[in-house]
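Report on the structure given below.
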Amino acid sequence: MSAARPPEGALTGAACEGTPPGNAQAWQAAGVRHELLMRVLPVLRHDMAGPLSVARMGNTVLKRYLMAQPLDTAQCQTRIAQNDEQLGQLVSAIRALNRWDVESGERAAPAALWSMALDIARPALEMHGLRLQPEGAAPPADWPELVPARALYAALGALNYLQDGATAPSAISIQPSGDGLLLQASPTPDPSPEEPRPSGARPLRIDAASLACLAEDLEWPVEIREASVLLRRPPQ
C-alpha cells in the first residue's frame with residue numbers, strides 16, 4: 001500500500017531541503033534542539049532553584065531552633081524533614097535532565113510527555129500572548145511509548161514554530177487528527193491591548209526548514225504549514 005501523500009504546499013520531516021548531508025545535517029538538527037532547550041531553560045532552572053531556595057531558608061530557621069533555650073527537638077526534627085523533602089525534589093529535578101537525551105533507551109507514555117511539554121512551554125507562550133486551547137488535548141491513545149527527549153523536542157519544536165510565525169496575539173488549538181495531533185495557530189477574537197508581544201524576540205527563529213530538519217533527525221513524520229503542524233503517529 002502506498003503512503004498517503006501530504007497536502008499540497010506542506011513540508012514534511014523527510015524534506016530537510018537546503019541542508020548538507022551526513023554529519024553536518026546532524027549538527028544542524030542539534031542546533032535546533034539547543035535553541036529549544038535554551039528557550040525552556042528558565043522553567044527547568046526554576047524547578048531546581050525553587051526547592052534549593054526553600055531548603056536554604058529552612059536551614060536558617062533550623063539554626064534559630066538549635067540556639068533556642070530550651071531546645072525543642074521535635075521542632076528541629078520537623079524542620080529537618082522539610083529540608084529533606086526539598087532536597088529530594090531538587091535531586092529529582094536534576095535526575096530528570098536525562099529526559100533531554102535523544103539517545104536514551106527510556107520510554108514513557110505519550111500523554112504524560114505531552115502534558116510535560118505543554119507545562120514547560122506555557123510560560124514562554126503566554127509571554128508572547130499565545131494561549132493553548134484546549135489545554136487538556138492529548139495524543140491519540142494508540143501512540144506507542146516514546147523516548148522522552150524525542151517527544152519533548154517534537155512538541156516544543158511545533159509550538160515554537162507557531163509562536164515564531166505569529167504576528168499578533170493568538171491561540172494555539174490542539175486536537176487529535178486521524179493518527180496524529182494537529183496544532184494550529186489562529187488570531188484571538190478579542191486580542192487584549194494590555195498584552196503586547198515582547199519586542200526583544202530571540203534572534204534565532206524556528207522556521208519551517210528548521211522544524212523539518214528537527215523532525216527528520218527525530219525520525220518523526222510531520223506535515224508543516226504556515227499556521228499549523230500535524231505531528232503524525234511516531235514509529236515504534
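As the structure is a prediction and not an experimental result, all values here were calculated from the model.
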If we only count heavy atoms from C-beta on, is the Leu118 to Ser115 side-chain gap below 4.5 Å?
no
Grab the two heavy atoms, one from Met48 and one from Ile94, that are nearest each other, plus how far apart they are.
SD-CG1, 3.8 Å
N/O donor-acceptor pair under 3.5 Å between Ser92 side chain and Gly88 backbone:
yes
Indicate the atoms forming the closest heavy-atom contact of Ser186 with Ser170, along with that distance.
O-CB, 2.9 Å
Would you check if Tyr65 and Asp72 make a side-chain contact, meaning some heavy-atom pair closer than 4.5 Å?
no
So which atom in Pro140 and which in Gly178 form the shortest heavy-atom distance, rounded to 0.1 Å?
CG-O, 4.2 Å
Quick one: are Leu183 and Ser173 in side-chain contact, heavy atoms under 4.5 Å?
no
Decide side chain to side chain contact (heavy atoms under 4.5 Å, CB included) for Glu85 and Gln89; before the verdict, give the C-alpha distance in whole Å, the side-chain angles of both, and the deciding distance to 0.1 Å.
CA-CA 6 Å; Glu85 180 182 355; Gln89 292 179 19; 3.9 Å; yes
Heavy-atom donor-acceptor pair, Arg233 side chain to Asp142 backbone, under 3.5 Å:
yes
Could you state whether Val43 and Tyr153 fall into the same hydrophobic cluster, counting links through intermediate Ile, Leu, Val, Met, Phe, Trp or Tyr residues with side-chain heavy atoms under 4.5 angstrom apart?
no
Any side-chain heavy atom of Met116 sitting closer than 4.5 Å to one from Ile120?
yes
Tell me, do Arg79 and Lys63 make a side-chain contact under 4.5 Å, heavy atoms counted?
no
Donor-acceptor under 3.5 Å (Arg232 side chain, Pro221 main chain)
no
Are Cys76 and Leu66 close enough that some pair of their side-chain heavy atoms sits under 4.5 Å apart?
yes
Heavy atoms only: give me the nearest Gly157-Leu211 pair and the separation to one decimal.
C-CD1, 3.6 Å
Taking the side chain as every heavy atom from C-beta outward, state whether Leu231 and Trp114 have any pair of such atoms under 4.5 Å apart.
yes
Is there a side-chain contact between Pro42 and Arg45, using heavy atoms and a 4.5 Å cut-off?
yes
Basic-acidic side-chain contact under 4.0 Å: Arg39, Asp164
yes
In this structure, which one of Gln25, Arg33, Gln28 forms a side chain to side chain donor-acceptor pair (under 3.5 Å) with Asp217?
Arg33
Taking every heavy atom of Leu132 against every heavy atom of Ile174, the minimum-distance pair comes out as CD2-CD1, 4.1 Å
Under a 4.0 Å N-O cut-off, is there an ion pair linking Arg99 with Glu106?
no
If you compare all heavy atoms of Leu218 against all heavy atoms of Ala154, which two are closest, and at what distance to 0.1 Å?
CD1-N, 3.7 Å
Test side-chain contact (heavy atoms from CB on, under 4.5 Å) applied to Pro110 - qualifying residues, sequence neighbours left out
Pro139, Trp143, Leu146
Would Leu36 and Leu41 show up in the same hydrophobic cluster when neighbours are defined by side-chain heavy atoms closer than 4.5 Å?
yes
Just wondering, more than 12 heavy atoms not from Arg107 lying within 6.0 Å of its CZ?
yes
With a 3.5 Å distance limit and no angle check, can you tell me whether Trp100 reaches the backbone of Leu37 through a side-chain donor-acceptor pair?
no
